[in-house]
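Here's the structure, in structure tokens; my notes come after.
For the numbers below, each heavy atom of this structure counts, side chains included, while hydrogens, waters and symmetry mates do not. Remember, it's 1-based here, ligands and their atoms both numbered in the order they're listed. Predicted, not measured: the structure shown is a model, and the values here were computed from it. Throughout, residue positions are numbered sequentially from 1 according to the sequence presented.
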Amino acid sequence: MVCGFGTTSKGDKAKLYTMKNDNGMEIAVSDYGAALVKLLVPDREGKAVDVVLGYDSAEDYEKGDVYFGATVGRVANRIAKASFELNNRVYALTANDNGNSLHGGRNFYNKRMWEAKEITDKSVTFALHSPDKDQGYPGDVDISITYELTEDNEVKIHYHAVPKADTLLNLTNHSYFNLSGHAFGTVLEQEVWMNADSFTRADAQSIPTGELAPVEGTPMDFREYKAVGKEIDADYEALVLGQGYDHNWVINGAGMRMAAKMRSKETGIVMEVFTDLPGIQFYTGNFLENEQGKQGAVYKKRHGACFETQYFPDAVHKENFEGPHIKAGDIYDTVTVYRFHAES
Ligand code: GAL
């Protein structure tokens with residue numbers, strides 16, 4: 001199903017594409033920003049609950065700056081000092097976060113119209129041409145992102161890109177999840193599990209130091225289900241610096257594997273996150289402040305949690321971090337899955 005989703009300041013008419021499965025799940029995605037706008041999951045009683053924060057129209061997505069449901073690129077997360085060297089050339093990016101470049105720096109992918117290319121009952125593919133020098137990055141890149149809702153209750157996001165020159169690519173989805181419902185309030189009582197023995201320690205500006213710090217014995221340990229709020233305000237350097245959880249965890253193993261889980265006692269809804277990427281930024285909405293959202297909701301600090309699958313932040317400056325370099329003509333192809341069920 002397709003319907004209008006408002007008009008951008010440039011006069012572009014945005015659309016909203018809705019998909020349903022046979023188990024009562026429903027998702028809606030927009031060509032404005034290739035954003036995930038709605039995600040309905042049946043709770044333990046079978047009542048549909050919208051578990052992602054968002055806005056009512058493209059106009060609101062254009063105004064917003066907290067990345068609800070956003071597709072982020074060319075390089076998600078931070079690049080220190082907004083500059084990097086590739087093939088003996090220095091590239092200048094936009095410093096938009098304490099002198100560093102965050103989520104592309106400028107002319108954000110989530111503030112552009114994407115082209116809806118292939119539309120089926122269960123999937124939509126959005127395409128974006130990102131030209132050479134876009135946001136300061138080298139090389140033309142044709143990007144496509146497919147959102148698919150499967151009968152296994154998965155929201156599958158497939159990222160595909162082919163650069164024409166050597167460049168950096170690190171695409172992610174910045175959805176804020178609240179498994180008790182988008183307008184419920186804080187996620188502090190919801191429980192999180194992570195398949196990670198370590199995280200990338202970061203400085204006061206959230207730039208990794210290069211150290212893979214073991215989670216053992218720290219509030220960063222989610223190897224057993226733990227309430228988000230249990231230790232979030234602990235006097236632990238990483239949490240003090242990040243004002244809560246806002247770090248990259250090193251996902252154990254390689255290839256497609258489970259990275260994280262979250263569950264709500266209120267609704268019984270459980271989300272499992274799978275990815276083939278090495279890292280996941282678990283961000284607990286520490287900077288949300290009276291954000292006017294969809295259907296009159298007002299989102300505040302820690303009302304949602306993001307699970308941004310990614311190459312590690314600032315990997316371009318760290319020899320021991322993989323990616324996000326990609327060579328001309330090589331294929332960038334990665335999948336992240338958010339799978340749902342409800343438990344009694
Ligand atoms: C996260 C980032 C946070 C914050 C947020 C957007 O990915 O790690 O520090 O900038 O995006 O508000």
Distance from [atom] to nearest protein heavy atom, with residue and atom:
atom	answer
atom 6 (C) of ligand 1	Y67 CD1, 3.7 Å
atom 7 (O) of ligand 1	E308 OE1, 2.7 Å
atom 3 (C) of ligand 1	D246 OD2, 3.1 Å

**Prompt:** Under the 4.5 Å side-chain heavy-atom rule for ILVMFWY, direct or indirect, which residues accompany L40?
**Reply:**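 Reading the cluster by chain and number, L40 sits alone, since nothing else belongs.
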
**Prompt:** Using the ring of each side chain (for Trp, its six-membered ring), is W114 parallel, tilted or perpendicular to Y109, with breaks at 30° and 60°?
**Reply:**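 Perpendicular.
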
N or O contact, [X] vs ligand 1, cut-off under 3.5 Å:
X	answer
D97	no
R78	yes
H174	yes

**Request:** Tell me, please, whether F222 has K226 positioned over its six-membered ring: NZ or CZ under 6.0 Å from the ring centre and within 45 degrees of its axis?
**Result:**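 Ring-cation test returns yes.
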
**Asked** Backbone, side chain, both or neither: what part of L102 comes under 4.0 angstrom of ligand 1, heavy atoms only?
**Response**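 For L102, only side-chain atoms sit under 4.0 Å from ligand 1.
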
**Request:** For Q281, take its heavy atoms, then give the atoms of ligand 1 lying under 4.0 Å from any of them.
**Result:**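 Listed by number with element, the hits are 8 (O).
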
**Message:** I need the atoms of ligand 1 closer than 4.0 Å to a non-hydrogen atom of H103, numbered in the order shown.
**Reply:**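 Listed by number with element, the hits are 1 (C), 7 (O), 11 (O).
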
**Request:** Using the test side chain to side chain contact (heavy atoms under 4.5 Å, CB included), find all partners of A315 that sit at least two apart in sequence or belong to another chain.
**Result:**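 Expected list: F321, P324.
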
**Asked** Among side-chain atoms of N248 and E308, is any donor-acceptor pair under 3.5 angstrom?
**Response**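 Distance-only check fails for N248 and E308.
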
**Item:** Check: S123/T146 side-chain N/O donor and acceptor closer than 3.5 Å
**Value:**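 Distance-only check fails for S123 and T146.
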
**Message:** Distance check, rounded to the nearest 0.5 Å: N98 atom CG versus K81 atom NZ?
**Reply:**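 One gets 11.5 Å once the value is rounded to the nearest 0.5 Å.
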
